[in-house]
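I am attaching a structure below and will ask some questions about it afterwards.
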Amino acid sequence: MRSGNGETIREPERSIPVYGSTEVLVVGGGPAGVCAAIAAARAGAEVTLVERYGCLGGLSTGGLVIWIDRMTDWEGRLVVGGIGKEITDACAAEKALIGPPPEQWGSKDPKLAAYWGVRTAGHRGIVNFSPTIDPEVLKLILNDMVRAAKVNVLLHSWAVATLCRENKVTGVIFESKEGRFAIKADITIDCSGDGDIFAKAGAVFENDFDGVSAHARLNTSFRFGNVDMRRYLDFRMIHPEQYSTLMREASHEDEWLTNTAFVTPNDTIALFLTPKFSGYSALKVDDLTEVEFRSRDVMRQVLAWYRTRMPGFERAWIHDTASQVGTRHSRRLRGIECVSSKVWRTDGSSVNSIGLCPGLSPEFPTLEIPYGVLLPERIDGVLAAGRNLSCDTTSHAALREIPECWVMGHAAGVGAALAVHSKQTVRSVPIVEIQSELERQGAIVRRQERK
Ligand SMILES: Cc1cc2nc3c(=O)[nH]c(=O)nc-3n(C[C@H](O)[C@H](O)[C@H](O)COP(=O)(O)OP(=O)(O)OC[C@H]3O[C@@H](n4cnc5c(N)ncnc54)[C@H](O)[C@@H]3O)c2cc1C
């Protein structure tokens with residue numbers, strides 16, 4: 001294709017039909033967005049959720065990011081409750097979850113830690129609740145939950161512009177097969193993951209990824225089927241040195257072959273959250289396109305190598321590839337508060353806590369996530385929850401994880417609903433009221449030792 005060379009064309013001016021009005025509008029139906037919508041609806045608000053793809057769950061379904069990071073602290077205490085815990089409980093009830101039972105959380109028993117270690121639920125010799133779930137069952141569960149909460153859901157609807165009056169977001173414009181429509185909203189919650197809405201509203205944001213670190217890598221994840229996972233996991237647990245040798249040999253053959261196969265709730269399916277490509281932007285169409293092509297090329301290579309070398313994979317097939325490109329990082333809001341690595345290194349507490357994030361390692365405290373990371377510095381009428389929160393790049397690695405996105409979404413939904421009902425701005429709702437509604441909805445807001 002020949003380059004546009006900066007040429008522009010003028011679109012004819014047109015009137016946009018208003019699709020509807022809503023008290024709370026959530027853009028993006030990923031982990032943060034679904035929790036925000038359910039929480040706001042449970043707090044009594046009229047809620048509409050707009051999602052560009054055909055299912056709910058964002059990366060946790062469409063991206064095949066089905067390994068949910070730690071929901072317990074290093075002592076084994078549950079730190080993520082509320083809607084997030086309801087989701088994992090529902091997955092467990094449908095036999096669509098693999099993870100240690102509560103009595104094993106925090107255990108340092110070497111046998112248990114080794115068993116769960118190869119099942120992505122044992123780290124630093126400690127068993128923790130970081131389950132893996134089935135994405136198709138999760139889609140069904142999320143449908144059930146938004147329906148039960150009476151959230152109006154619009155799938156296949158891509159928010160493309162933000163409506164603003166003075167310094168306040170008043171809704172969005174979305175594109176669909178039916179055309180272009182406006183939705184008017186008292187409060188909008190940006191759960192697009194990429195900060196699409198606050199960026200278009202002119203909020204200040206960061207996208208200072210360094211292009212090299214794992215932090216900003218992109219990929220399309222994939223799964224292999226017809227695998228004997230028990231054999232593979234036993235091999236890794238019983239012969240860790242042989243497994244390391246095999247992986248070293250793979251890295252000498254080709255750097256992209258060193259992909260670890262992760263467990264799934266199905267004994268015959270292996271998950272690959274790789275290959276991790278650096279130097280691409282999740283906001284550039286050319287980059288996204290190249291990542292999709294390269295990821296699938298690597299997948300083909302990995303399949304051939306695993307079939308010939310890795311115990312349990314002799315008859316493996318491609319089960320599926322993610323329908324949503326795996327983006328770890330794009331835009332981060334500059335909020336009225338910002339979690340930095342300094343906060344992690346010190347006490348990690350906050351009077352404005354809306355939920356918890358377990359310490360990066362046993363040396364770090366459990367973090368109390370402050371409400372201000374969801375609030376833009378200047379613009380009103382909008383909150384941002386999920387991986388587009390306000391934090392530095394180091395803290396982002398922990399705060400972008402799915403349990404934390406559930407937690408932030410839950411809090412944003414409650415903050416928005418309370419603001420609508422009390423006719424206040426989202427930034428002036430008293431934090432104690434948000435904390436009390438969150439607790440009423442089953443969330444864990446404060447660290448246990450602080451009670
Ligand atoms: C490869 C990879 C591995 C990872 N590993 C783990 C892991 O092991 N454990 C863990 O807990 N986390 C992991 N993460 C992180 C985690 O998956 C994400 O940070 C998390 O899903 C972010 O949730 P979110 O709701 O903020 O955004 P997303 O999950 O990205 O959801 C955003 C939603 O908004 C929609 N959307 C976007 N823009 C628009 C728009 N303009 N209009 C309408 N809809 C829109 C999207 O379609 C999507 O559904 C990983 C991430 C990646 C990429």
Side-chain angles (χ1 to χ4, degrees), residues 25-37 49-71 80 84 88 120-121 123 130-133 135 138-139 142 153-162 172-176 183 188-200 214-222 259-260 262-263 271-277 282-283 291 295 322-333 357-358 374 384-389 396-410 412:
L25 172 65
V26 180
V27 176
V34 167
C35 287
L49 188 157
V50 171
E51 163 57 46
R52 68 179 159 171
Y53 294 142
C55 67
L56 298 174
L59 288 172
S60 68
T61 54
L64 292 177
V65 183
I66 52 176
W67 165 17
I68 309 301
D69 208 340
R70 287 168 299 125
M71 295 173 69
V80 175
T88 55
T120 55
H123 309 94
S130 45
T132 304
I133 56 181
L138 179 57
K139 288 176 194 172
L142 299 179
V153 179
L154 295 177
L155 298 178
H156 300 288
S157 301
W158 190 309
V160 291
T162 308
V172 303
I173 292 177
F174 72 92
E175 287 283 359
S176 70
I183 296 187
T188 302
I189 309 178
D190 187 344
C191 295
S192 64
D194 298 323
D196 286 1
I197 305 308
F198 65 68
K200 290 189 169 81
H215 179 65
R217 290 181 188 170
L218 295 179
N219 70 284
T220 303
S221 299
F222 52 89
N259 297 270
T260 308
F262 295 127
V263 71
L271 167 71
F272 293 81
L273 292 173
T274 42
K276 298 176 182 172
F277 295 129
L283 302 173
V291 167
S295 295
S323 55
Q324 196 165 333
V325 69
T327 302
R328 290 171 176 79
H329 172 265
S330 56
R331 299 187 188 98
R332 298 188 322 281
L333 178 75
C357 174
L374 314 176
R387 63 181 164 83
N388 47 209
L389 82 151
H396 191 252
L399 286 166
R400 66 156 191 239
E401 297 294 82
I402 290 164
E404 288 66 41
C405 292
W406 286 337
V407 164
M408 287 183 273
H410 196 160

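Start at 1 and go down the list; that is how both ligands and their atoms are numbered. Heavy-atom basis, side chains included; hydrogens, waters and symmetry copies ignored.
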Test your reading of the structure: does D69 have an N or O sitting under 3.5 Å from an N or O of ligand 1?
yes
What's the spacing between S295 OG and K276 NZ if we round to 0.5 Å?
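Going from OG on S295 over to NZ on K276, the span is 12.5 Å.
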Under 3.5 Å, is there a donor-acceptor pair between the side chain of H396 and the main chain of R387?
yes
Pull out every atom of ligand 1 sitting under 4.0 Å from any heavy atom of V27, numbered as shown with elements.
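Reading through ligand 1 atom by atom, the close ones are 42 (N), 43 (C).
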I'd like the name of whichever of G30, G54, G326 reaches closest to atom 53 (C) of ligand 1 through any heavy atom.
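That would be G326.
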Report, in ascending order of atom number, the atoms of ligand 1 lying under 4.0 Å from any heavy atom of V50.
43 (C), 44 (N)
Between the candidates V26, L59, T162, which shows the shortest non-hydrogen contact distance to atom 21 (O) of ligand 1?
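Of the listed residues, L59 has the closest heavy atom.
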Looking at atom 3 (C) of ligand 1, what's its closest protein heavy atom, distance included?
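So the nearest neighbour among protein heavy atoms is R328 NH2, 3.6 Å.
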Please report which non-hydrogen protein atom sits nearest to atom 35 (C) of ligand 1, along with the residue it belongs to and the distance in Å to one decimal place.
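I find the closest protein heavy atom is E51 OE1, 3.2 Å.
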Taking S157's backbone N and O only, do any of them form a donor-acceptor pair with S176's side chain (distance below 3.5 Å, no angle check)?
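Flag not set: sc S176 to bb S157 has no pair under 3.5 Å.
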For Q324, state whether at least one heavy atom is located under 4.0 Å from any atom of ligand 1.
yes
Taking the non-hydrogen atoms of S157, is any one of them nearer than 4.0 angstrom to ligand 1?
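Flag set, S157 near ligand 1.
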In terms of atom number and element, which parts of ligand 1 are under 4.0 angstrom from non-hydrogen atoms of A32?
25 (O)
Pairs of nitrogen or oxygen atoms closer than 3.5 Å, one from N388 and one from ligand 1: do any exist?
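It does not: no N or O of N388 is found under 3.5 Å from an N or O of ligand 1.
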Should one rank R387, R70, E175 by closest heavy-atom distance to atom 27 (O) of ligand 1, which comes out on top?
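Minimum heavy-atom distance to atom 27 (O) of ligand 1 goes to R387.
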Checking contacts here: is it the side chain or the backbone of V65 that comes within 4.0 Å of ligand 1, counting heavy atoms only? Could be both or neither.
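Near ligand 1, V65 shows its side chain, while the N, CA, C and O stay back.
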Among all the protein's non-hydrogen atoms, which is closest to atom 22 (C) of ligand 1, and how far away is it?
C405 SG, 3.6 Å
P403: numbered ligand 1 atoms lying under 4.0 Å from its heavy atoms
11 (O)
Between T188 and D190, do the side chains contain a donor N or O and an acceptor N or O under 3.5 Å apart?
no
Between I402 and ligand 1, does any nitrogen or oxygen pair lie at a separation below 3.5 Å?
yes
Does ligand 1 have an atom under 4.0 Å from some heavy atom of C191?
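Yes.
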For atom 20 (C) of ligand 1, what's the nearest protein heavy atom and its distance?
R400 O, 3.7 Å
Indicate, as side chain, backbone, both or neither, the part of T327 found under 4.0 angstrom from ligand 1 when only non-hydrogen atoms are considered.
backbone
Subset of ligand 1 atoms that lie under 4.0 Å from at least one heavy atom of W67:
7 (C), 8 (O), 9 (N), 10 (C), 11 (O)
Test side-chain contact (heavy atoms from CB on, under 4.5 Å) applied to D196 and V172, step by step
CA-CA 11 Å; D196 286 1; V172 303; over 6 Å; no
Please work out which of G28, S295, A159, A161 has its closest non-hydrogen atom nearest to atom 42 (N) of ligand 1.
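Residue with the shortest heavy-atom distance to the ligand atom: A159.
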N219 to ligand 1, any heavy atom closer than 4.0 Å:
yes
Identity of the nearest option to atom 46 (C) of ligand 1, non-hydrogen atoms only, from M71, E401, R52:
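That would be R52.
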Ligand 1 and P31, any nitrogen or oxygen pair closer than 3.5 angstrom?
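Yes, P31 has an N/O under 3.5 Å of an N/O on ligand 1.
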